[in-house]
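Here's the structure we're looking at; comments come further down.
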2 protein chains.
Amino acid sequence: MLDIRFSRALQLMLFLAVAAENGSAPLSSAELAHRLHANPSLVRKLLVPLTDEGLAVCVKGRTGGARLGRPADRITLAEIYRCAVGDKPLWAPSPGVEPVCAVTAHAGEYFAALTVEAEEAVLGSLGDRTLADGVRELRRLDTGCARH
Amino acid sequence: MLDIRFSRALQLMLFLAVAAENGSAPLSSAELAHRLHANPSLVRKLLVPLTDEGLAVCVKGRTGGARLGRPADRITLAEIYRCAVGDKPLWAPSPGVEPVCAVTAHAGEYFAALTVEAEEAVLGSLGDRTLADGVRELRRLDTGCARH
DNA sequence: CTGAAAAGCAATCAATACAGTTGCAGTTTA
DNA sequence: TAAACTGCAACTGTATTGATTGCTTTTCAG
């Protein structure tokens, strides 16, 4: 399954982060949609879990829009990941019907433990990076390229 | 999407591992299919990448079937994972069309780096465990349960 | 106070990856 | 030589999820 939700959510938060740096007004879903090449309604759907967790804040009404819920250096990519994929496990277990032997009886259990461990590894790697780091990295890539 | 290929491949290899321990004949795809509650043809499809990498060996003809390609203590779960999911990245990037600003220009690059790092973390966690460890763990879970 | 501009939300459509099946050709051995 | 396998290609079905549409509600500028 090609899941692009994390990628989308990350890009969205990066936009909000640079807007926060510039002190600009909240970004409307239409503005974000344009930058993401997506539909405003889709952007609002992506924002739901992010606002639920306080990573973003949406203000309604005219002149409304979205902005960061906290400073970018206090938002980790692990948090964004959790919002984007929700409770979906990293890997799905094969549909376990009645086990046919002693070994398979606990295969589901074993696999679940593996999944948890792998997810922790992923979150660990993402937890080391903040949104502010991401913005810095993008700028570095950009200026590095501009030199050529 | 919920990808159950790794789970299936792992179960398959566990079956082969216990068969190897018992010194029994190669397991036919029909036998494996029965234990996995699947179709023999589907099992053979799952076996293709595993045999390509030498983790399993399939012998054709009457009395044919599948067995481990190496001792179970020299097969890591990371190898099984790689076979099961192939080149599919852990996360897919959002379809990157023309970037609209300097920040997004390298977002794909940045995201790819994140993906690689996360994949390495996952493979690291899986690389610590061998198939033999898995069999031991399943037995432990089984006897632990039987005591109650 | 009123209209414009925004978010929020529900229903629905559409693309696609993947699980699963069928059928047959090739191979080996009892 | 026939049975019991694997190998392989083509196909179908379906669930997930990306994406759209069309509303209602909220807020603020003028």
Side-chain angles (χ1 to χ4, degrees), chain A residues 1-12 16 19 24-52 56-67 69 83-97, chain B residues 1-9 11-12 16 19 24-34 36-52 56-67 69 83-97:
Chain A
M1 139 224 355
L2 295 171
D3 197 337
I4 67 176
R5 280 177 297 178
F6 177 44
S7 172
R8 281 265 155 90
L10 180 57
Q11 278 193 48
L12 210 104
L16 298 186
S24 46
L27 295 176
S28 72
S29 60
E31 176 62 28
L32 289 167
H34 172 246
R35 300 196 192 174
L36 280 172
H37 304 99
N39 191 292
S41 191
L42 179 59
V43 169
R44 288 197 285 269
K45 243 191 278 189
L46 290 172
L47 279 167
V48 169
L50 294 168
T51 55
D52 284 348
V57 172
C58 291
V59 319
K60 286 191 281 195
R62 192 172 183 175
T63 75
R67 54 183 171 79
C83 285
V85 310
D87 289 337
K88 201 184 89 172
L90 192 57
W91 305 313
S94 60
V97 276
Chain B
M1 189 191 271
L2 296 174
D3 196 335
I4 66 175
R5 280 177 298 178
F6 177 43
S7 171
R8 280 268 156 91
Q11 278 192 47
L12 211 103
L16 297 187
S24 47
L27 295 175
S28 72
S29 61
E31 176 62 29
L32 289 167
H34 172 245
L36 280 171
H37 303 99
N39 190 292
S41 191
L42 180 58
V43 169
R44 288 197 286 270
K45 241 191 280 189
L46 290 172
L47 278 168
V48 170
L50 294 168
T51 55
D52 283 349
V57 172
C58 290
V59 318
K60 286 191 283 196
R62 192 171 181 175
T63 74
R67 56 183 171 77
C83 285
V85 311
D87 290 337
K88 202 184 90 172
L90 191 57
W91 306 312
S94 60
V97 277

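Reminder, nothing fancy here: chain letters follow the sequence lines and each chain counts from 1. Side-chain atoms are counted along with the backbone in the values below, which use heavy atoms only and exclude waters and symmetry mates.
Judged by closest nucleotide on DNA chain D, Thr51(B) is the one of Gly61(A) and Thr51(B) placed further toward the 5' end.
Separating the OG1 atom in Thr51(A) from the CG atom in Leu46(A) is a distance of 11.0 Å, to the nearest 0.5 Å. Annotation: the span from Asn39(B) atom CG to His34(B) atom NE2 amounts to 13.5 Å, rounded to 0.5 Å. The structure places CZ of Arg5(A) at 14.5 Å from CG of Leu12(A), a figure rounded to the nearest 0.5 Å.
Residue contacts for Val59(B): at a heavy-atom cut-off of 4.0 Å it reaches the sugar-phosphate backbone alone, with no base atom in range. Nucleic acid contact for Ser29(B): sugar-phosphate only, since backbone atoms but no base atoms lie under 4.0 Å from a heavy atom of the residue.
Contact annotation: Asn39(B) reaches the phosphate of dT21(C) (side-chain N/O to OP1 or OP2, under 4.0 Å). In this structure, Arg62(A) does not reach the dT25(D) phosphate: none of its side-chain N or O atoms is under 4.0 Å from OP1 or OP2. Note on Arg44(B): every side-chain N or O is 4.0 Å or more away from OP1 and OP2 of dT22(C).
Atom CZ of Phe6(B) and atom C1' of dA19(C) are 19 Å apart (whole Å). Between the C1' atom of dA7(C) and the CG atom of Leu12(A) lies a distance of 14 Å, rounded to the nearest Å. In this structure, Asp87(B) places its CG atom 15 Å from P of dA17(C), rounding to the nearest Å. Protein atom NZ of Lys45(A) is 9 Å distant from nucleotide atom C1' of dT17(D), rounded to whole Å. Spacing between atom CG of Leu42(A) and atom P of dC9(C) amounts to 16 Å, rounded to whole angstrom units. Summarising the geometry, the separation between CG on Leu47(B) and C1' on dC8(D) is reported as 14 Å, rounded to the nearest angstrom. dT6(D) atom C1' lies 14 Å from atom CG of Leu46(B), rounded to whole Å. The distance between atom CZ of Arg5(B) and atom C1' of dA19(C), rounded to the nearest whole Å, is 10 Å.
Interface remark: the Lys60(A) side chain does not form any donor-acceptor pair with the dG8(C) base, using a distance-only criterion of under 3.5 Å. For Ser41(B) against dT22(C), a side-chain-to-base donor-acceptor contact under 3.5 Å is present. In terms of polar N and O atoms assigned as donor or acceptor, the side chain of Lys88(A) never comes within less than 3.5 Å of the base of dT17(D) in a complementary pairing. The base of dT27(D) does not come close enough to the side chain of Thr63(A) for any donor and acceptor atom to sit less than 3.5 Å apart.
For the pair Leu16(B)/Arg67(B), no side-chain contact is recorded, criterion being any heavy-atom separation below 4.5 Å from C-beta on.
Not one N or O on the side chain of Ser94(B) forms a donor-acceptor pair closer than 3.5 Å with the backbone of Ile4(A).
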